[in-house]
A.B. asks: 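Sending over a structure as structure tokens; questions will come in a sec.
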Amino acid sequence: HTAGGAALDLAGTRVVVSAGGTREYLDPVRFIGNRSSGRQGYALARAAAVRGAEVTLVAANVTLPDPAGVEVRHVETTAELRDAVLEAAAAADAVVMAAAPADFRPAEASATKIKKSEDGSSPRIDLVQNPDILAGLVTHRPRPDTVVVGFAAETGDAAGSVMDHARAKLARKGCDLLVVNDVGGGAVFGSDDNEAVVLDRDGGAAPVPRGSKSALAHVVWDRVVALREAARP
Ligand code: CTP
Ligand code: CA
């Protein structure tokens, strides 16, 4: 699926892609955020458009130029990301959650800038958990045949390997595909390259060799197309 010779195998389909990292504000100038650049999500949106899909890209704090031929909705917080994704997903054939939503937000955000106290003490910030957008899409699929794809950046630790964590996450989330990045080396963020394994709900694992985020994007859409074909009566 190289540019110029791309198959139009997503023509007539509507897809939603989320990208970037959400911010949760502590006060008007400060937030909790993460290192997602949005590059993989943008590559997914671009690849889907090239293959003929009608694409809505929900972008959280991404500074990349809007891809041509894609409807882009810019958001900041996880709540905004969720609203925009669910709205766009209502008529979608596939939803790919490449965004990194902040898992927690401050229990309350200050309307005014938090000031340092005179006595040198530090503020205590209570966090509450954000809703899981991907899990919500799985339990309330927009349509029974909507393909739901998640991404996971994992590191191996004492509790298990990258793949152990990824398999458990796929089972927990119940999505159709989970694209797994090993971020132990820190090489993925902001990079143009990516290396991944695509896990599917039936236990399959397809390694994708190190290559461009665009190449990985095309592999993901190949798998989405295959799942849709397999589901066709
Ligand atoms: N995700 C989501 N909503 C959230 C958190 C994550 O939709 N509030 C989606 C991400 O977009 C991604 C997938 O879930 O597609 C996996 O994200 P990840 O952060 O790896 O999963 P978590 O369940 O948050 O697990 P962890 O504790 O490892 O962060
Ligand atoms: Ca998370």
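Every number for a ligand or one of its atoms is a count from 1 in the order of the listing. Residue numbers count from 1 along this sequence.
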A.B. asks: Give a yes or no on whether a salt bridge exists between Lys113 and Asp27, defined as a side-chain N under 4.0 angstrom from a carboxylate O.
C.D. replies: no
A.B. asks: State whether Arg14 and Asp93 are salt-bridged, where the test is any N-O pair (Lys NZ or Arg NE/NH1/NH2 against Asp/Glu carboxylate O) under 4.0 Å.
C.D. replies: no
A.B. asks: Give the residue, atom name and distance (to 0.1 Å) of the protein heavy atom nearest atom 15 (O) of ligand 1.
C.D. replies: Met97 O, 2.7 Å
A.B. asks: Output yes when Arg73 and Asp66 qualify as a salt bridge under the 4.0 Å nitrogen-oxygen rule, no when they do not.
C.D. replies: no
A.B. asks: Is the closest basic N to carboxylate O distance between Glu195 and Arg210 below 4.0 Å?
C.D. replies: yes
A.B. asks: Checking a contact table here: which protein heavy atom is nearest atom 1 (N) of ligand 1, and how many Å away?
C.D. replies: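 Here the nearest protein heavy atom works out to Pro101 CG, 3.8 Å.
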A.B. asks: Tell me which protein heavy atom sits closest to atom 24 (O) of ligand 1, plus the residue, atom name and distance to 0.1 Å.
C.D. replies: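 The protein heavy atom lying closest is Asp103 OD1, 3.0 Å.
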A.B. asks: Go through ligand 1 atom by atom and flag the ones less than 4.0 Å from a non-hydrogen atom of Gly150.
C.D. replies: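 Checking each atom against Gly150, I get 15 (O).
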A.B. asks: Atom 3 (N) of ligand 1: which protein heavy atom is closest, and how many Å away?
C.D. replies: Ile133 N, 3.0 Å
A.B. asks: Is there a heavy atom of Lys169 sitting under 4.0 angstrom from any atom of ligand 1?
C.D. replies: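 Yes, Lys169 has a heavy atom closer than 4.0 Å to ligand 1.
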A.B. asks: Among all protein heavy atoms, pick the one closest to atom 7 (O) of ligand 1 and tell me residue, atom and distance.
C.D. replies: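 Closest protein heavy atom to atom 7 (O) of ligand 1: Leu134 N, 2.7 Å.
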A.B. asks: Select the closest option to atom 8 (N) of ligand 1 among Ala19, Ala135, Pro131, Ala99, judged by heavy-atom distance.
C.D. replies: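 Considering heavy atoms of Ala19, Ala135, Pro131, Ala99, the nearest to atom 8 (N) of ligand 1 sits in Pro131.
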A.B. asks: Applying side chain to side chain contact (heavy atoms under 4.5 Å, CB included), run through Leu57 and Tyr42 and close with a yes or a no.
C.D. replies: CA-CA 8 Å; Leu57 172 61; Tyr42 272 52; 3.6 Å; yes
A.B. asks: Tell me the protein heavy atom at minimum distance from atom 13 (C) of ligand 1, and give that distance in Å.
C.D. replies: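 Atom 13 (C) of ligand 1 sits closest to the protein heavy atom Phe151 O, 3.1 Å.
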A.B. asks: Closer than 4.0 angstrom, basic N to acidic O: yes or no for Arg141 and Asp176?
C.D. replies: yes
A.B. asks: List the closest protein heavy-atom neighbour of atom 22 (P) of ligand 1: residue, atom name, distance to the nearest 0.1 Å.
C.D. replies: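 Nearest protein contact, heavy atoms only, for atom 22 (P) of ligand 1 is Lys173 NZ, 3.7 Å.
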A.B. asks: Using 4.0 Å as the upper bound for N to carboxylate O, is an ion pair formed by Lys173 and Asp132?
C.D. replies: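 Result for this pair is yes, salt bridge flagged.
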